[in-house]
Amino acid sequence: MTRGISGTTRLVGILGWPVEHSLSPAMQNAAFAAAGLDWAYVPLPTPPEQLEDAVRGLVAFGFVGANVTAPHKLAVTAFCETDAPSVNTLVVRDGRVLGSSTDAAVLEGLPRDAPVILGDGGVATAFARALPHARRFSRRHEWPPDVRGSDLVVNATSVRDEVLVELEPGQTLVDLPYPETATARAASTAGAHVVTGVEALLAQGAASFELWTGLPAPVDAMRSALGFPE
């Protein structure tokens, strides 16, 4: 159970446009409660033209930090201290806003000798930094994608109803949109290993939690909040 907000509650937010669909508030508030922290995680709907003001506002209002979601992951790099080309996590420290990306945390333990990335937005950029040897495909550049010979395919597009690639047994799909896409359903039916967008959210959320708090993430509580089976 989450704690009530008081005058001593420390705040973390999520900047995006829109953010109403995000599962992060439920996940992170469950994590703060499980860790015994008087912290709260709140949605911060942020139109693109107000992004710089919103980042400054984190400092002004004493936020510990924030997550950054679409469409701001690339643009926010101009308003924080970072060497990352895409940022999904902000940490406010001594009046400074430090940016990093935990988006690719889900890659731990997955095969990635011959990866392919679909998409060219903020999250695709984060995965490309983690997988510099990946082949990349997007509708604005090279399309359709060729996943022959790949061991890992990262779907970092927002496409839900179209099967973008056909996978085979022995291949792994990281399907970042949630809920499940047509690409993920087809891959599962074909016998490929599918890592869902909610699993990716859990991995990046746990990594962000640890950056803000300095504590190990209570992953079981976070999994439960996201509806994973016990």
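If you read the sequence from its start, that first residue is 1, and numbering goes on from there. All heavy atoms count here, side chains included; hydrogens, waters and symmetry mates do not.
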The criterion is side chain to side chain contact (heavy atoms under 4.5 Å, CB included); which residues satisfy it with Glu168, sequence neighbours excluded? Gln171
Work out which heavy atom in Ala105 is nearest to a heavy atom in Ala203; give both atom names and the distance. CB-O, 3.7 Å
Do Val174 and Leu176 come close enough that some side-chain heavy atom pair is under 4.5 Å? yes
Could you state whether Leu110 and Val194 fall into the same hydrophobic cluster, counting links through intermediate Ile, Leu, Val, Met, Phe, Trp or Tyr residues with side-chain heavy atoms under 4.5 angstrom apart? no
When you compare the side chains of Asn67 and Ser24, does any donor N or O come within less than 3.5 Å of an acceptor on the partner? no
Within-4.5 Å side-chain heavy-atom neighbours: Leu131 and Leu152: yes
Smallest heavy-atom separation, Val163 atom then Thr183 atom, equals CA-OG1, 3.6 Å
dist Thr189:OG1 -> Glu166:CD (nearest 0.5 Å) comes out at 11.0 Å
Enumerate the residue pairs fulfilling salt bridge (Lys or Arg N to Asp or Glu O under 4.0 Å) with a member in residues 16-28, sequence neighbours excluded, ordered by first and then second residue. none
Looking only at heavy atoms, what is the nearest atom pair of Ala130 and Leu107, with distance? CB-CD1, 3.9 Å
So, using side chain to side chain contact (heavy atoms under 4.5 Å, CB included) as the criterion, who are the partners of Ala190 when residues are at least two apart? none
Spatial distance of atom CG (Leu202) from atom CG (Leu23) [nearest 0.5 Å]: 11.0 Å
Any non-hydrogen side-chain atom of Arg10 less than 4.5 Å from a side-chain atom of Thr213? no
Would you say Leu226 and Val106 are hydrophobically clustered, going by side-chain heavy atoms of ILVMFWY under 4.5 Å? no
Quick one: list whatever passes ring-ring contact (aromatic ring centres under 6.0 Å, His included) with Phe127, sequence neighbours left out. none
Residue pairs involving residues 41-51 (criterion salt bridge (Lys or Arg N to Asp or Glu O under 4.0 Å); sequence neighbours excluded): none
Val42: which other cluster members, linking ILVMFWY side chains closer than 4.5 Å, directly or transitively? Leu11, Leu15, Leu44, Leu51, Val55, Leu58, Val59, Phe61, Phe63, Val68, Val76, Phe79, Val87, Leu90, Val92, Val97
Donor on one side chain, acceptor on other, Thr8 and Asp38, under 3.5 Å: yes
Donor-acceptor pairs under 3.5 Å, side chain of residues 115-124 to any protein atom, not counting sequence neighbours: which ones?
residue	atom	partner	partner atom	Å
Asp120	OD1	Arg140	NH2	2.9
Asp120	OD2	Ser138	OG	3.3
Asp120	OD2	Arg140	NE	3.0
Asp120	OD2	Arg140	NH2	3.3

Any side-chain donor paired with an acceptor under 3.5 Å for Thr77 and Thr82? no
Are Leu74 and Trp17 co-members of a hydrophobic cluster defined by side-chain heavy atoms under 4.5 Å apart? no
Mind checking what makes side chain to side chain contact (heavy atoms under 4.5 Å, CB included) contact with Ser100, not counting sequence neighbours? Thr89, Leu211
Please find the pair of heavy atoms, one from Ser101 and one from Ser86, that lie closest to each other, and give the distance. CB-O, 3.4 Å
Got more than 12 heavy atoms from elsewhere within 6.0 Å of CZ, Arg160? yes
Any pair with a residue in residues 65-82 that passes salt bridge (Lys or Arg N to Asp or Glu O under 4.0 Å), sequence neighbours left out, goes on the list, sorted by first then second residue, please. Lys73-Asp103, Glu81-Arg96
Mark yes or no for whether His72, through its side chain, and Thr46, through its backbone, hold a donor-acceptor pair below 3.5 Å. yes
Within a radius of less than 6.0 Å around CD of Glu162, do more than 12 heavy atoms belonging to other residues, nucleotides or ligands occur? yes
For Met222 against Gln28, the heavy-atom pair lying closest together: CE-OE1, 3.9 Å
Scan residues 175-201 for pairs that pass salt bridge (Lys or Arg N to Asp or Glu O under 4.0 Å), counting only residues two or more places apart or in two chains. none
What's the separation between atom CG in Leu164 and atom CG in Leu173, rounded to the nearest 0.5 Å? 9.5 Å
Output all residues satisfying side chain to side chain contact (heavy atoms under 4.5 Å, CB included) with Asp146, sequence neighbours left out; order by chain, then residue number. Arg135, Phe137, Arg148
So do the side chains of Val198 and Met27 get within less than 4.5 Å of each other, counting heavy atoms only? no
Grab the two heavy atoms, one from Gln204 and one from Asn88, that are nearest each other, plus how far apart they are. OE1-ND2, 3.3 Å
Qualifying residues under salt bridge (charged side-chain N to carboxylate O under 4.0 Å, His left out), relative to Arg56, sequence neighbours excluded: Glu52
Would you compute the distance between atom CZ of Phe209 and atom CH2 of Trp39 and round it to the nearest 0.5 angstrom? 7.5 Å
Are Val195 and Val165 connected into the same hydrophobic cluster when the rule is that any two of I, L, V, M, F, W, Y join if their side-chain heavy atoms are below 4.5 Å apart? no
